[in-house]
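In what follows, a structure is listed as structure tokens, so that the remarks can point back to it.
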Protein chains: 2
Amino acid sequence: MTIKDVAEYSGVSISTISRVLNNHPDVREEVRAKVLAAIKELHYVPNSSARDLVKTQSDAIGIVVRGVENPFLTSVISSIEKAISNAGYTMVIHQIGTEDDEVSAGAGLVRSKRLCGLILLGGRFDYTPGQTATIEVPFVCCTYTNSFGSLDKKSYSSVFIDDYAEAYKAVKLLIENGHRKIAILLGATDDHSISELRYKGYCDALSDAGIEFDESLIERTQGYSMKKAYDSTKRLYARRDDFTALFAISDSMGIAAIKALHNLGVRVPDDCSVIAIDGIEVSKYTIPALTTLIQPRKLIGHEAVRILVDVIKGKKNCQLRVETELRIGETVAPPK
Amino acid sequence: MTIKDVAEYSGVSISTISRVLNNHPDVREEVRAKVLAAIKELHYVPNSSARDLVKTQSDAIGIVVRGVENPFLTSVISSIEKAISNAGYTMVIHQIGTEDDEVSAGAGLVRSKRLCGLILLGGRFDYTPGQTATIEVPFVCCTYTNSFGSLDKKSYSSVFIDDYAEAYKAVKLLIENGHRKIAILLGATDDHSISELRYKGYCDALSDAGIEFDESLIERTQGYSMKKAYDSTKRLYARRDDFTALFAISDSMGIAAIKALHNLGVRVPDDCSVIAIDGIEVSKYTIPALTTLIQPRKLIGHEAVRILVDVIKGKKNCQLRVETELRIGETVAPPK
DNA sequence: TAGAAAACTGAAAACGTTTTCAGTTTTCTA
DNA sequence: TAGAAAACTGAAAACGTTTTCAGTTTTCTA
């Protein structure tokens, strides 16, 4: 079932079919109707390989993501997919390993699949001009971090939250509640961007409040999983049982920490307050409900696609910083 | 940067380049090495549009899914993506609306993108032979339900759990703990497959235990969201405050129900036991931890891809039923 | 060492579109 | 109503691969 069959069936040339398909104005209304009828009749669907070949570009947007485990990222992907569908594009997901370079992966994907755009999702991003791998299409860096190698900001688009500032905000809230012994639960240290930036926000919030830095209140897990966060919290508590508040860098970790504290006989928030960043749905329904800074996941995905499509259509690159919003739960209270 | 450039650069014809690319044996080792070096040197990546065009098929597997909201499905998608990558294919996700027909959508996608296979994910599936839309490639129906229209089972592949039997199992566990007044929290009734089948399992478990059916213990939410489940639980409790156990058809709904009960002053499991089906990660860390039947999400995604790839390679269709596994949490206890 | 077989290589056709260019038909203007 | 302009249409080239077929080179056998 090719354009040729449709042409034969409707008695015009394939050029005309193509013109109808592409909404070219140079087709008589009568002919257009006849062709559309034939297309419907025959259940004809254009072969996008052929189309992409001659157009030297497809209508596919690629997503490069390092690991789809993360419930936060999955939810961003979900909103990206929705936005891409709505905009009439298709989505190709490419998952890379921890060790892979997302720029090379993305560049290869673009060339192979003739993508018209790329979204790089949630990683540490290092793109240096003059690098051997070059992304030849518009792309949006949609990720936790606003750092972007040594590349000029104007030459790419991004959607991000300011990890430093948001962490600062969270810790400040604890301080304002009267806490001074504030522990922090960090993720893997090999992923510089997020843990490092949020850690810095934590440190500065403390020092701005005149609170002395205390190494033993820093707990680094070896990843972001709930299991690791649970174990880390227990390890932290074994070392120090006197902190009155805990800042977890993600909701999942926060939830796991609360469970660990609960099992240790520590009541939240009476004995220890907990705050996190993410705002995933389930944290509204934990007992107690988690106090957290909501990352606007829907907005992030949606805006990433909007910006990308704009750039594809010729608009300028754009850097969009989105802000979190505090969701007051039941896990923060003044210390006793 | 095309195959032609590589041919020129390495001093052989494009046919030879193609043969190297496709691991055709008829190439001298020396030439092969030279060509591979050239490919690397030039960062050449084959144009898959052209390749797909002549092969009349791509290496892409399509996923048709109705709504990516569901955390359970997202996690299946994640494992599907991993398996697809590992098998050397690419993944194209297509999301459809509530009203869309997944067979037509899939069939169109296949023809347009020249997919080599299709996975239909988590819906009510109705595929009748002789239907106008026909899926022309191997496909796997990877979904909650094992019902599949009037199509002969042998003519398609599937990975499923037996919703009826699993619900029966869950309710039976409550009965074995001594419960007789067991409420059920169902999802939207417009989605026949899952709610209906699990509801049937609930009914039969009760009647097999000689427990009389009680309409007022049935609560139907208008969807599967946590918010709706929370409200529904409150509505249920307003109607009947004497049930000693609750069966929620998903973990998310179960977690929301526990929160609602907690806010109503009902202690779980002391005053009311709760059991659910899904086994998402977070239910291990709620307080109390949810007792649930774990759906092997990783296995489901992984097996769906394995089966699909097998069928693509010429093997027979295969129906795989997977079983849930009980995860004993802290939400089931005998009634007082 | 001659001849046959095996190994290797290249030219050309084909996949199904879009688009350019030239040609034909229709509509409009004076 | 003749001529010009506008509207419409089709033939053919092109996109970048794979694959067939024929041809050339190398290796083997007697």
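All of these numbers come straight from a predicted model, not from anything done at the bench.
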Quiz item: For the pair made of CD1 in A:Ile17 and P in C:dG16, what is the distance, rounded to whole Å?
Solution: 15 Å
Quiz item: Counting any heavy atom closer than 4.0 Å, what does A:Thr2 reach on the DNA or RNA strands: base, sugar-phosphate only, or nothing?
Solution: sugar-phosphate
Table of protein N/O atoms under 3.5 Å from nucleotides 9-14 of chain C N/O atoms:
unit_1, atom_1, unit_2, atom_2, d
C:dT9, OP1, B:Arg28, NH2, 2.9
C:dT9, OP2, B:Arg28, N, 3.3
C:dG10, OP2, B:Ser13, N, 2.8
C:dG10, OP2, B:Ser13, OG, 3.0
C:dG10, OP2, B:Thr16, OG1, 2.8
C:dG10, N7, B:Arg19, NH2, 2.7
C:dG10, O6, B:Arg19, NH1, 3.3
C:dA11, N7, B:Ser15, OG, 3.3
C:dA11, N6, B:Ser15, OG, 3.0

Self-check item: Nucleotide D:dT17, atom P - distance to NZ of A:Lys55 in whole Å
Solution: 20 Å
Quiz item: Going by heavy atoms in the side chains, are A:Phe160 and A:Cys141 under 4.5 Å from each other?
Solution: no
Quiz item: Between B:Val6 and B:Leu42, what is the shortest heavy-atom contact and its length?
Solution: CA-CD1, 4.0 Å
Quiz item: Rounding to a whole Å, what distance do you find between A:Asp5:CG and C:dG16:P?
Solution: 9 Å
Practice problem: Kindly say if B:Tyr44 contacts the phosphate of D:dT17, meaning a side-chain N or O under 4.0 Å from OP1 or OP2. | Solution: yes
Self-check item: Donor-acceptor pair between B:Lys113 and A:Thr90 side chains, under 3.5 angstrom
Solution: yes
Quiz prompt | Partner nucleotide of D:dG16 by Watson-Crick or wobble geometry (both distances under 3.5 Å) | solution = C:dC15
Quiz item: Between A:Ala50 and B:Leu53, which heavy-atom pair has the shortest distance, and what is it?
Solution: CB-CD1, 3.6 Å
Quiz item: Atom NZ of A:Lys34 to atom P of D:dC8: distance rounded to whole Å?
Solution: 14 Å
Quiz item: For A:Asp59 and C:dT17, what is the distance between atoms CG and C1' respectively, to the nearest whole Å?
Solution: 14 Å
Quiz item: Does a nitrogen or oxygen in the side chain of A:Asn22 sit under 4.0 Å from OP1 or OP2 of C:dT18?
Solution: yes
Self-check item: Rounded distance in Å - CZ (A:Arg114) to P (C:dT17)
Solution: 19 Å
Self-check item: Pairwise side-chain contact, A:Met1 with A:His43, heavy-atom cut-off 4.5 Å (strictly under)
Solution: no
Quiz item: Atom CZ of A:Arg51 and atom P of C:dG16: how far apart are they, to the nearest Å?
Solution: 15 Å
Practice problem: State, yes or no, whether a side-chain contact exists between A:Ser10 and A:Ile17 at a heavy-atom distance under 4.5 Å. | Solution: yes
Exercise. Measure from CG on B:Leu53 to C1' on D:dC15 and round the result to the nearest Å.
Key: 9 Å
Exercise. Determine whether A:Leu118 and A:Ile61 make a side-chain contact, defined as any pair of heavy atoms from C-beta on separated by less than 4.5 Å.
Key: no
Practice problem: State the pairing partner of D:dT26; accept Watson-Crick or G-U wobble contacts with both distances under 3.5 Å, and report none otherwise. | Solution: C:dA5
